[in-house]
Amino acid sequence: MKLTKLTALAATTALCAPMAMAADMANEMTIVSWGGAYQESQLKAYVVPYQEMHPDLKVIWDESSAEATAKMRAMTEAGNVTWDLVDVVASDAMRMCDEGLAAELNHDEDLAAAPDGTPATEDFGDLIVSDCFVPQIVYSTTFGYRMDKVGDTPPSSICDVFDTAKYPGKRALQKRPIDNVEWALYCDGVAKDEIYDVLSTDEGVERALAKLDTIKDQVVWWTAGAETPQLLADGEVVMGSTFNGRLFSAIAEQNQPIEMLWDMQSFDLDGWIVPADLPEDRKARVMDFLKFATDTQRLADQAKFISYGPARASSAPLVGKHAILGIDMAPHMPTDPANSGNVHVYDYEWWADNRDDLDAKFQAWLAK
Amino acid sequence: MSDTTHTGPVLAADGTPLKRSLARALRMQKIRALMLIAPLLLFVLLTFILPIADMLFRSVENRIVSDTLPKTVVALQDWDANSGQAPDEAVFAALAADLQVAAEEKTHTRVGSRLNYENPGISSLFRKAGRKVKRWDLAQDGPFKEQFFKIDKDWTDPEVWRTIQTYSGAYTNGYFLNAADFQKGAEGAELRPENERIYGTLFLRTLIMSLAITVSCIILGYPVAWILANLPSRSANLLMILVLLPFWTSLLVRTSAWKVMLQQQGVINDTLVWLGLVADDARLVMINNQFGTIVAMTHILLPFMILPMYSVMQTINPSYLRAAKSLGATNWTAFWRVYFPQSVPGIGAGSILVFILAIGYYITPELVGGTKGVFISNRIAFHISQSLNWGLAAALGTILLVVVLALYWAYDKIVGIDNVKLG
């Protein structure tokens with residue numbers, strides 16, 4: 001009895017060529033993500049189907065993406081990296097790649113091609129911002145406002161945020177200079193493509209802070225993405241910036257009286273990196289998973305659960321309906337033509353160089 | 001046998017001198033005692049003392065520059081920082097050699113970000129140069145000076161070179177200067193521009209607010225502790241549960257509860273509007289400022305004040321008060337002259353606990369403090385996990401540690417640490 005079972009097992013292993021490789025793959029994998037609805041969408045779209053194919057695999061989740069760079073640095077210094085796959089924003093991916101914390105990938109070999117055979121590098125296009133980075137989604141930081149508190153003419157331009165006469169009440173802004181100073185300069189009359197030139201001068205920074213000064217006593221500063229939807233739902237603020245998926249969840253899933261303002265939404269990318277120098281078996285497992293999780297169908301599937309645009313061009317036509325609500329997801333994507341009329345793509349390179357300096361000025365300004 | 005005729009040392013039964021025998025017995029005892037506490041000692045050493053020592057070290061450590069750019073640092077020694085000119089070819093050749101190695105090991109960006117703390121913009125210089133230099137053939141492609149200028153003209157800027165030279169030592173006081181709102185200028189330390197000074201304000205605010213929280217804990221906690229100590233034990237136990245129940249509730253839950261209570265559309269404001277005390281469009285702002293932090297932290301730290309006070313008050317003999325009254329003292333005099341002095345050790349213990357806990361708090365201020373109600377620890381957390389400037393975080397932490405120790409010392413001088421009782 002026991003023997004026949006073993007022979008049968010050996011026979012199946014020999015028959016399925018890909019299964020033979022599974023022997024050198026680790027059966028445990030630690031994935032790091034952001035928690036909440038976003039991690040849920042990854043679980044449902046990638047991990048559950050993958051685990052159905054590999055029932056022995058145990059997946060451990062860690063919700064430390066917000067501090068991923070710091071923790072990766074600490075783990076690398078200690079010589080004990082316990083993570084296998086890390087979800088980070090593009091700027092963190094660049095930083096970790098430059099510092100040698102993330103493994104460099106060969107995108108065409110390591111990732112699945114599109115169904116029509118287009119290689120991965122072409123399918124992802126410019127979104128591969130770093131050799132270590134596999135983009136998953138395009139998301140944006142944008143504004144939501146309370147429909148019932150803005151009168152008959154709802155805000156249509158980002159500059160309405162700075163107009164406290166027309167729209168009295170508090171605003172929620174993220175407690176960091178990124179995006180805020182760009183929006184401030186834009187609304188102070190600086191052309192979109194000159195924003196970073198202006199910001200590179202001391203006068204430019206002063207100008208941005210002076211513009212922010214006009215609404216400073218009306219601002220509630222947030223640090224976690226969930227705060228703005230909560231503040232809006234409570235009626236604590238009239239309008240506030242946050243990630244578009246959080247606003248979608250408040251509007252469509254929780255029926256809050258909130259509306260989106262897509263003007264000057266700030267595009268950003270989120271995706272995977274693989275820690276450098278993983279042991280062979282763990283690396284084999286994570287690369288196998290990565291190939292599966294970033295193929296065209298899987299990225300399109302994720303959009304069933306959250307309103308973030310898939311990073312592959314070939315996934316876009318496959319985006320369908322919300323898994324539970326059954327509503328069309330395409331119009332809720334930041335990349336939808338109706339929403340992306342006036343977008344702002346923030347300059348990672350510029351921020352990488354000037355973040356410390358500007359942050360010091362911004363924090364001192366806040367404290368005053 | 002007579003002792004008077006014996007001149008040698010006193011001997012024990014086995015013939016060894018008594019002194020040595022005694023010392024050996026004592027030593028055995030000491031070793032046994034040490035072995036008993038060894039697990040704790042080791043634990044404290046490994047998990048408390050070593051990390052603190054490591055933090056202290058990180059705040060001055062600056063090996064990264066001389067480790068990553070060893071040749072450049074040596075070549076740059078002779079360059080005159082005040083010459084107003086970029087260094088000569090030898091330095092650039094050394095830099096090319098160093099950068100090639102560093103780019104291979106991917107350490108050039110770390111040096112770049114280290115120097116970027118002192119001179120914003122350097123990080124991108126190193127990143128750009130690293131990419132190009134990797135492909136150079138050092139033996140043939142020279143001279144390098146012109147090529148560096150081609151990569152970025154900022155390599156001609158003597159300021160950049162002065163920064164590298166200034167921070168080429170293995171140790172630096174740069175982080176401490178920064179933590180005290182200073183920077184290294186051309187002529188030694190100078191105050192940072194006014195729009196970048198932040199840490200002095202934050203340290204002062206942390207101290208003042210922690211003090212305010214301690215005082216409000218004393219004012220609120222003292223009567224409660226007194227009632228607890230003087231009620232019959234059945235009702236005292238019931239009250240004790242009311243003190244302990246919030247103490248056992250998660251810190252985050254309690255902080256979030258305060259958010260619900262204090263916000264403008266919150267319970268307190270709603271009640272005030274309903275009572276007609278506050279107009280609907282003029283609701284009080286009680287959160288995201290210092291007031292919110294003080295209220296929430298007072299509530300969270302109150303048990304740390306009440307418990308030591310209670311245990312001290314319990315030991316005060318009630319007959320002292322009765323004696324004072326029978327000798328003609330009024331209620332107030334009896335309390336102030338007899339009871340209060342005996343309860344001071346409890347206040348002292350509670351105050352030290354609350355103050356030192358408050359000074360290092362960061363979760364509650366982060367959630368309810370807005371911009372005006374955050375502490376220095378929020379800044380330290382920011383540098384640890386966001387800006388990754390661990391050296392500066394370590395320097396700020398070291399200053400905080402020194403401030404706490406200094407205050408503890410002052411407290412010992414003024415009140416006397418012997419007067420602190422936990423029970």
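A quick note: this is a predicted structure, and the numbers were derived from the prediction, not measured. Letters A, B, ... are given to chains in the order of the sequence lines, protein chains preceding strands, and every chain is numbered from 1.
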- chain B contact via A:Arg95 - which portion, at a heavy-atom distance below 4.5 Å: side chain

- Item | B:Glu190 CD: over 12 foreign heavy atoms closer than 6.0 Å | yes

- Note on the structure: Correct closest heavy-atom pair for B:Gln263 and A:Asp234 would be NE2-OD2, 3.0 Å

- Item | Selection from B:Glu194, B:Lys372, B:His108, B:Arg192 maximising heavy-atom pairs under 4.5 Å formed with chain A | B:Lys372

- Query: Side chain, backbone, both or neither: which part of B:Leu125 has a heavy atom under 4.5 Å from chain A?
  - Reply: neither

- Query: Using a distance-only test with no angle check, is there a side-chain donor-acceptor pair under 3.5 angstrom linking B:Gln386 and A:Asp359?
  - Reply: no

- Query: Are more than 12 heavy atoms from other residues, nucleotides or ligands located less than 6.0 Å from atom CG of A:Asp277?
  - Reply: no

- Note on the structure: Okay, B:Arg205 and chain A: the region with an atom under 4.5 Å from a heavy atom over there is side chain

- Note on the structure: Closest non-hydrogen atoms of A:Asp353 and B:Asn116, given as atom of the first, atom of the second and distance, are O-ND2, 3.0 Å

- Item | Between CD on residue B:Glu118 and CG on residue A:Asp356, distance to nearest 0.5 Å | 10.0 Å

- Considering all heavy atoms, the nearest B:Gln264-A:Glu236 contact: N-OE2, 2.8 Å

- Could A:Glu104 and B:Lys106 be called an ion pair, given the rule that one side-chain N must be under 4.0 Å from one carboxylate O? yes

- Under 3.5 Å, side chain of B:Glu196 to main-chain N/O of A:Ala364, donor-acceptor pair present? no

- Task: Supply the atom-to-atom distance A:Glu227 CD to B:Leu367 CG, rounded to the nearest 0.5 angstrom.
- Result: 7.0 Å

- Task: Tell me, for B:Val374 versus chain A, whether the close heavy atoms (under 4.5 Å) come from the side chain, the backbone, both or neither.
- Result: side chain

- Under 4.5 Å from any heavy atom of chain A - which part of B:Tyr199: neither

- Check whether any side-chain N or O of A:Arg355 sits under 3.5 Å from a backbone N or O of B:Ser387 as a donor-acceptor pair, and report yes or no. no

- Query: Quick one: CG on B:Asn195 to CG on A:Leu209, what's the gap to the nearest 0.5 Å?
  - Reply: 8.0 Å

- Task: Could you tell me which portion of B:Arg283 (side chain, backbone, both or neither) has an atom closer than 4.5 angstrom to a non-hydrogen atom of chain A?
- Result: neither

- Query: For the side chain of A:Lys71 and the backbone of B:Ser385, is there at least one donor-acceptor N/O pair under 3.5 Å apart?
  - Reply: no

- Quick check: are there more than 12 heavy atoms from other residues, nucleotides or ligands sitting under 6.0 Å from OH of B:Tyr362? no

- Query: How about A:Asp217: does its CG atom have over 12 heavy atoms from other parts shown lying under 6.0 Å from it?
  - Reply: yes

- Interface moiety of A:Ala224 toward chain B, non-hydrogen atoms closer than 4.5 Å: neither

- Query: Between B:Arg58 and A:Glu77, what is the shortest heavy-atom contact and its length?
  - Reply: NH2-OE1, 2.8 Å

- Message: Under a 4.5 Å cutoff for heavy-atom pairs, which residue among A:Gln363, A:Glu67, A:Lys368 has the most contacts with chain B?
- Response: A:Gln363

- Output the distance between atom CH2 (A:Trp365) and atom OG1 (B:Thr371), rounded to the nearest 0.5 Å. 8.5 Å

- Name the region of B:Ser124, side chain, backbone, both or neither, that has any atom closer than 4.5 Å to a heavy atom of chain A. both

- Can you tell me if B:Thr109 uses its side chain to pair, donor with acceptor, with the backbone of A:Asp98 under 3.5 Å? yes

- Query: Side-chain contact, heavy-atom cut-off 4.5 Å: A:Lys175 with B:Glu366?
  - Reply: yes

- Would you name the heavy atoms of B:Arg110 and A:Glu99 that are closest together and state the gap between them? NH2-O, 2.9 Å

